[in-house]
Amino acid sequence: MRRGEKPVNLEVTEPVRVEALDLDAQGIARLTPNEAEIEQGQSGKVIFIQGALPTELVTYTITSDKARFSKAKVRDILKPAVFRAEPKCAAFGVCGGCTMQHLDIRAQVAMKQRVLEDDLRHIAKVRPEEIFRPMGGPTWEYRHRARLSAVNRSIKKGTVLIGFHEGKSSYVADMLACEILPQHVSDLLPELRKLVMGLSIVDRMPQIEIAVGEPADPHSDDPKQNKPVTALVFRNLQPLTTADEQLLRAFADEHQVWIWLQPKGIETVAPFYPETGKLCYRLPEFEIEMPFKPTDFTQVNHMMNRTLVSRAIRLLEVKETDRVLDLFCGIGNFTLPLARKAKQVLGIEGLETLTTRAKANAEHNGLASKVRFMQSDLFEVTTETIASWGKAERWLMDPPREGAMEMSKALTQLHLQKSDLLPERIVYVSCNPKTLARDADILCHQAGYTLKGAGIVNMFPHTSHVESIAVFERSKVL
């Protein structure tokens, strides 16, 4: 037990009213302050209650008790919230993935929008001129990429667990289905248990990565051509035996999946059976087909990605005469659609493996003459770096969770130098509202930009993940 903690599993029968919800989907309640707290000018102790929602009256069981706050799980809901929903997944409350299933999807979206607005207001000290309408899409069976853990429990439990981790735990959840995976992938979970149990390296197969691509020909009458392509990457820490290989081939034939192996690092990932195949997703609005490997970074929600790309390019207001920079370009998700609109596009990415894939995708789509890709560390950017890229009227940035702080600082220096290298308009796609707000603070208060608009993209329904999009425009000099 850590210093400052008290015994756990204390049942509290005195009802408390839940006031708010945090991004871990824990209800936040505050106890009435005692006399000592009042004398010291303190408010009552905060209780974070798993399973409780704002406006609800609940009793709870304390699981962790510290001096300034306690953590608890809901015991009885005496007055449920009007926006409470019935969780669809049997693993809800155990699996750490979809912590918001008990909250109506409309309330989830409103909460994420509020998080974005609050972060912009409190961290960046700015308000967007326009709040974009939230972008939403399918709320179930949307996840086309996933990394599942495999744990051998055959000694005590007689099976292998394959699934996501339990909430804030290294343990793997005991799950036989997953409602956010496509149905045909969810149905594979029990079958994967049997498969791994039958392998000689059952203790040395810790991970299975799943990637689902679009059908080879969605308009074909041939069932093999119009069904999704599903790749499974098995992380095999020891070589397979001949019997193991036979089991994997039989599994691939029976379930019509494409099996890959990863014996060591990511560079060792290679197809096992069948030896050839094709994974891709499409952006029909721009007549783009994007082949990818199962371990390439792609958006997990194909439908929402189509919507996001379309919205981002509209907001960038690209003209036929524009040169555009796509920063953190990956395999060309935004770069290639931009090339359909702009005169020239430069995609920049930190990993050479991704720029190599992006170049191949540009050739695949007949856009090699309008697109150039280069590898560069976008977390170490100076004004000289930007000058080497050349002037571009419009930028699109899609950084990882760390954001684009060095980029924003370099733009500030260019602003102070009154440089003509500054883009007129920036569309910033973010997967972390706090780093977006931090960068917005720099762009708006130091680099001479105005936040024209911002809004959320509900890319990951039922989770606390907040994806968003923001538009910055150079302020007019009077």
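We're numbering straight along the sequence, starting at 1. Since we're looking at a predicted model, the values are computed, not measured.
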* Structure fact -> Between Thr382 and Ala410 the two heavy atoms that sit nearest each other are C-CB, 4.0 Å
* Asked: Is there a donor-acceptor pair closer than 3.5 Å between any side-chain N or O of Ser464 and the backbone N or O of Leu23?
  -> yes
* Quick one: do Val126 and Asp441 satisfy side chain to side chain contact (heavy atoms under 4.5 Å, CB included)? Show the steps, please. => CA-CA 7 Å; Val126 296; Asp441 181 19; over 6 Å; no
* Applying the side-chain contact (heavy atoms from CB on, under 4.5 Å) test to Pro134, which of Asn458, Leu116, Val109 qualifies? -> Val109
* Taking every non-hydrogen atom, the tightest pair across Ala437 and Ala124 -> O-CB, 3.2 Å
* To do: Ignoring hydrogens and angles, tell me if any N or O in the side chain of Lys418 forms a donor-acceptor pair with the backbone of His415 under 3.5 Å.
  => no
* Asked: Are any of the side-chain heavy atoms of Leu354 and Phe373 separated by less than 4.5 Å?
  -> no
* Asked: With a cut-off of 6.0 Å (strictly less than), are more than 12 heavy atoms of other residues, nucleotides or ligands near NZ of Lys343?
  -> no
* Are the side chains of Ile348 and Cys329 in touch, meaning some heavy atoms are under 4.5 Å apart? -> no
* Structure fact -> The residue among Arg323, Lys452, Arg394 that forms salt bridge (Lys or Arg N to Asp or Glu O under 4.0 Å) with Glu424 is Arg394
* Asked: For the residue pair Cys89 and Ala177, what are the closest heavy atoms and their distance?
  -> SG-O, 4.5 Å
* Asked: Can you check whether Ser170's main-chain N or O pairs, donor with acceptor, with His165's side chain at less than 3.5 Å?
  -> yes
* To do: State whether the number of non-hydrogen atoms from other residues, nucleotides or ligands found under 6.0 Å of Lys79 atom NZ is greater than 12.
  => no
* Asked: Between Phe164 and Leu148, is any pair of side-chain heavy atoms under 4.5 Å apart?
  -> yes
* Asked: Salt bridge between Arg121 and Asp118, side-chain N to carboxylate O under 4.0 Å?
  -> yes
* Give the ring-plane orientation class for His302 versus His144, where under 30° counts as parallel, over 60° as perpendicular and anything between as tilted. => parallel
* Stepwise side chain to side chain contact (heavy atoms under 4.5 Å, CB included) test for Ile386 and Trp395 -> CA-CA 12 Å; Ile386 295 175; Trp395 285 17; 3.8 Å; yes
* **Phe286 side chain near Asn365 side chain, heavy-atom distance below 4.5 Å** => no
* **Contact summary for Met135 and Met304, nearest pair of heavy atoms** => O-CE, 3.6 Å
* More than 12 foreign heavy atoms under 6.0 Å from CZ of Arg147: is that the case here? -> no
* To do: Scan Thr230, Val229, Leu181, Leu279 and name whichever one has a side-chain contact (heavy atoms from CB on, under 4.5 Å) with Val212.
  => Thr230
* Thinking salt bridges, do Glu467 and Arg311 make one under a 4.0 Å N-O criterion? -> no
* To do: Answer yes or no: is there a donor N or O on one side and an acceptor on the other, between the side chain of Asp24 and the main chain of Gln26, under 3.5 Å?
  => no
* Taking everything shown except Glu320 itself, do over 12 heavy atoms lie less than 6.0 Å from its CD? -> no
* Over 12 non-hydrogen atoms of neighbours within 6.0 angstrom of CD in Gln417 -> yes
* Shortest non-hydrogen contact between Ala342 and Asp322, atoms and distance -> CB-O, 3.5 Å
* Asked: Would you find a donor on one side and an acceptor on the other, under 3.5 Å apart, between the side chain of Ser388 and the backbone of Thr385?
  -> yes
* Asked: Does Arg401 offer a backbone N or O that forms a donor-acceptor pair with the side chain of Thr435 under 3.5 Å?
  -> yes
* Structure fact -> Note: Glu14 and Tyr60 closest approach over all heavy atoms is O-CE2, 4.3 Å
* Within 6.0 Å of CD in Glu352, more than 12 heavy atoms from elsewhere -> no
* Asked: Is the side chain of Asp76 donor-acceptor paired with the backbone N or O of Leu78 at a distance under 3.5 Å, no angle test?
  -> no
* Please say whether more than 12 non-hydrogen atoms of neighbouring residues, nucleotides or ligands are located less than 6.0 Å from CD in Glu317. => yes
* To do: Applying side chain to side chain contact (heavy atoms under 4.5 Å, CB included), run through Met374 and Trp389 and close with a yes or a no.
  => CA-CA 10 Å; Met374 65 179 293; Trp389 300 339; 3.9 Å; yes
* Ignoring hydrogens and geometry, is there a side-chain-to-backbone donor-acceptor pair from Ser475 to Gly448 under 3.5 Å? -> yes
* Under the side chain to side chain contact (heavy atoms under 4.5 Å, CB included) criterion, do Ile47 and Val18 qualify, and how do the steps go? -> CA-CA 9 Å; Ile47 314 292; Val18 181; over 6 Å; no
* Do Ser419 and Thr383 have side chains that get closer than 4.5 Å, going by heavy atoms? -> no
* Checking Gln375 side chain against Leu351 main chain: does a donor-acceptor pair fall under 3.5 Å? -> no
* Asked: Once the angle between the rings of Phe92 and His102 is folded into 0 to 90°, is it parallel (under 30°), tilted (30 to 60°) or perpendicular (over 60°)?
  -> tilted
* Main-chain N/O of Asp420 paired with Lys391 side-chain donor or acceptor, under 3.5 Å -> yes
* Answer with yes or no whether the side chains of Ser310 and Glu285 bring together a donor and an acceptor at under 3.5 Å. => yes
* Do Tyr428 and Ile469 have side chains that get closer than 4.5 Å, going by heavy atoms? -> no
* **Glu56 bridged to Arg84 by N-O distance under 4.0 Å** => yes
* Should Tyr142 and Met459 count as side-chain neighbours, where that means a heavy-atom distance under 4.5 Å? -> no
* Asked: Counting only heavy atoms not in Lys71, do more than 12 fall under 6.0 Å of its NZ?
  -> no
